[in-house]
Amino acid sequence: MSIGRSGESAGRGIEVRHLRAFLAVADEGNVTRAAARLRLTQPAVSRTLAALEQHLGVRLVDRSTHHLALTPEGVVFRDKAAAAVAAFDEALDSGGLRHWPLRLGHAWSAFGPYTTPLLRRWQELYPRTPLELLRIDDRTAGLTRGEVDAALLRGPVEAPGLVTEVLFEEERVAAVAADGPLAGRATLRLADLADETVVLNTVSGTTTVDLWPPDGRPAATLTVANTDDWLTAIAAGRGVGVSAASTAGMHPHSGVAYRPLVDAPSVPVLLARRDAPGHPELPVLAALAHEIVRQGIAPPAAGDLAQGG
């Protein structure tokens, strides 16, 4: 596959191998390791990367340090390259042509209380199209990288090239150590957490210090990379957390108590897709998701949360 500019012969254009070489370098941070991964020589990978940069007219990789780093342009191009390679590989998957799965990503809590109804209804109505629910610890649950066809996301998403629609709104809850003093409270307010270390999932979470008013922000924060580490830190008494209400039902933990956070704004639950032609069943998925929200079970009320996992 060659991707040539106007007036440029296909033989002198960019091929999928150029994208694979760039992605390997981006992942490994080192040309030598990227070459070993691709089973190529180091000079071959360097030449391929240089050809890609020359074709694009921008520097993708900063070579000024021993550990290579992506330039700002490289960071943007990485998601586009990953999506292109994933689409190319998927198009050549002859088995997938017979039963093309619809991949639905999520970073945590999926569709909340509607997750099981969605999966069951889909299986009943569309058995020939598998619906694969994939957890991917990423702000867009792998959508911008082409790993999924659609994603269930929470909170505002500012990634370019995505189309989102709100499915429902969730109340926020506080997550505290089950044996700590805050667990003895029926409800909590943001000010109750401000004197604590707040655990933030900076990879896929929606909570930041901006949730608090400027004059009442947390004294300290602890960053983690996924929901599992977030729960572990809270259970260990290293801090407290804030999340959407469905986290209490989808991620119970014996060491964590969830309490309604009465003065925090709600969190929109979104169905997101790329702003481009995609899986033909995406409109059907969106319609079914909206129907389940309208007619299905209600989201948990803040007062009905688990009292300790």
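For clarity, every value in this text was computed on a predicted model and none was experimentally measured.
- Note: the hydrophobic cluster containing L143 does not contain V269 (ILVMFWY, side chain heavy atoms under 4.5 Å, direct or indirect links).
- In this structure, CG in L222 is found 8.0 Å from CG in L200, a value given to the nearest 0.5 Å.
- Between E170 and R154, at least one side-chain nitrogen of the basic residue sits less than 4.0 Å from a carboxylate oxygen of the acidic one, meeting the salt-bridge criterion.
- In terms of modelled atom types and a separation under 3.5 Å, the side chain of W230 and the main chain of V199 share a donor-acceptor contact.
- No side-chain heavy atom of T197 sits under 4.5 Å from any side-chain heavy atom of V240.
- Between the side chain of H18 and the backbone N or O of E15 there is at least one donor-acceptor pair closer than 3.5 Å.
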After noting the C-alpha distance and the side-chain angles of L190 and L261, does the key distance pass the side-chain contact (heavy atoms from CB on, under 4.5 Å) rule?
CA-CA 7 Å; L190 288 169; L261 196 55; 3.7 Å; yes
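- The CH2 atom of W108 sits 6.5 Å away from the OG atom of S246 when rounded to the nearest 0.5 Å.
- Atom-to-atom distance recorded for L131:CG and H279:NE2 is 9.0 Å, nearest 0.5 angstrom.
- In this structure, L68 and D62 have side chains that are not in contact, with every pair of non-hydrogen atoms separated by 4.5 Å or more.
- Put simply, CG on L56 and CZ on R59 are 12.0 Å apart, with the number rounded to the nearest 0.5 Å.
- Transitive grouping of hydrophobic side chains (ILVMFWY, heavy atoms separated by less than 4.5 Å) brings L49 and V58 into a common cluster.
- Heavy-atom minimum distance, P265 versus L211: CD-CD1, 3.8 Å.
- Listed for the T41 side chain is a donor-acceptor partner under 3.5 Å among the backbone atoms of A44.
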_For a salt bridge (charged side-chain N to carboxylate O under 4.0 Å, His left out) check, start with the C-alpha distance between R78 and D27, then their side-chain angles and the critical distance, and finish with the verdict._
CA-CA 10 Å; R78 180 180 186 172; D27 289 344; 2.5 Å; yes
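- With T115 contributing its side chain and F111 its backbone, the two residues share a donor-acceptor pair below 3.5 Å.
- Counting heavy atoms from C-beta outward, L167 and Y114 have side chains that stay 4.5 Å or more apart.
- Counting heavy atoms from C-beta on, the side chains of V176 and Y258 never come closer than 4.5 Å.
- Ion pairing of R135 with D228 is present here, as a side-chain N (NZ or NE/NH1/NH2) and a carboxylate O approach within less than 4.0 Å.
- A chain of hydrophobic side-chain contacts below 4.5 Å, direct or via other Ile, Leu, Val, Met, Phe, Trp or Tyr residues, connects V75 to F77.
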Between T206 and V242, is a side-chain contact (heavy atoms from CB on, under 4.5 Å) present by the stated rule, with each step listed? CA-CA 9 Å; T206 60; V242 175; over 6 Å; no
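- Neither side chain, E171 nor S266, offers a donor N or O lying under 3.5 Å from an acceptor on the other.
- R217 places no side-chain N or O within 3.5 Å of a backbone atom of D215 that could act as its donor or acceptor partner.
- Using a 4.0 Å cut-off between charged nitrogen and carboxylate oxygen, D263 and R172 do not count as a salt-bridge pair.
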Q: Show your working on side-chain contact (heavy atoms from CB on, under 4.5 Å) between L125 and L288 and close with a plain yes or no.
A: CA-CA 10 Å; L125 297 173; L288 182 60; 4.2 Å; yes
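- Using a 4.0 Å cut-off between charged side-chain N and carboxylate O, E147 and R103 make no salt bridge.
- Nearest approach of A107 to D138, heavy atoms of both residues: CB-O, 3.6 Å.
- Distance CG/L188 to CG/L182: 5.5 Å, rounded to 0.5 Å.
- Between A150 and L285, the shortest heavy-atom distance links the atoms CB-CD2, 4.3 Å.
- Note that CG of D137 is 6.0 Å distant from OG1 of T227, once rounded to the nearest 0.5 Å.
- With 3.5 Å as the limit, one finds no donor-acceptor pair spanning the side chains of D229 and T232.
- Here the side chains of R139 and S204 are not in contact, with every heavy-atom distance at 4.5 Å or above.
- Of the possible donor and acceptor atoms, one in the side chain of R259 sits under 3.5 Å from a partner among the backbone N and O of R185.
- Checked for salt-bridge contact, R273 and D149 miss the test: no charged N lies under 4.0 Å from a carboxylate O.
- No continuous path of ILVMFWY side-chain contacts below 4.5 Å connects V293 to M250, so the two sit in separate hydrophobic clusters.
- The two atoms that bring L19 and A84 nearest to each other are CD1-CB, 4.0 Å, heavy atoms only.
- When all heavy atoms of V61 and R63 are compared, the closest pair comes out as O-NH1, 3.2 Å.
- With hydrophobic clusters built from ILVMFWY side chains whose heavy atoms lie under 4.5 angstrom apart, I136 does not share a cluster with L282.
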Exercise for the section: Start with the C-alpha distance between L104 and L134, add both sets of side-chain angles, then the distance that settles side-chain contact (heavy atoms from CB on, under 4.5 Å), and finish with yes or no. Expected result: CA-CA 6 Å; L104 180 60; L134 305 173; over 6 Å; no
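- In this structure, a donor-acceptor pair under 3.5 Å is present between the side chains of Q42 and T32.
- The two atoms that bring V148 and A141 nearest to each other are CG2-O, 3.4 Å, heavy atoms only.
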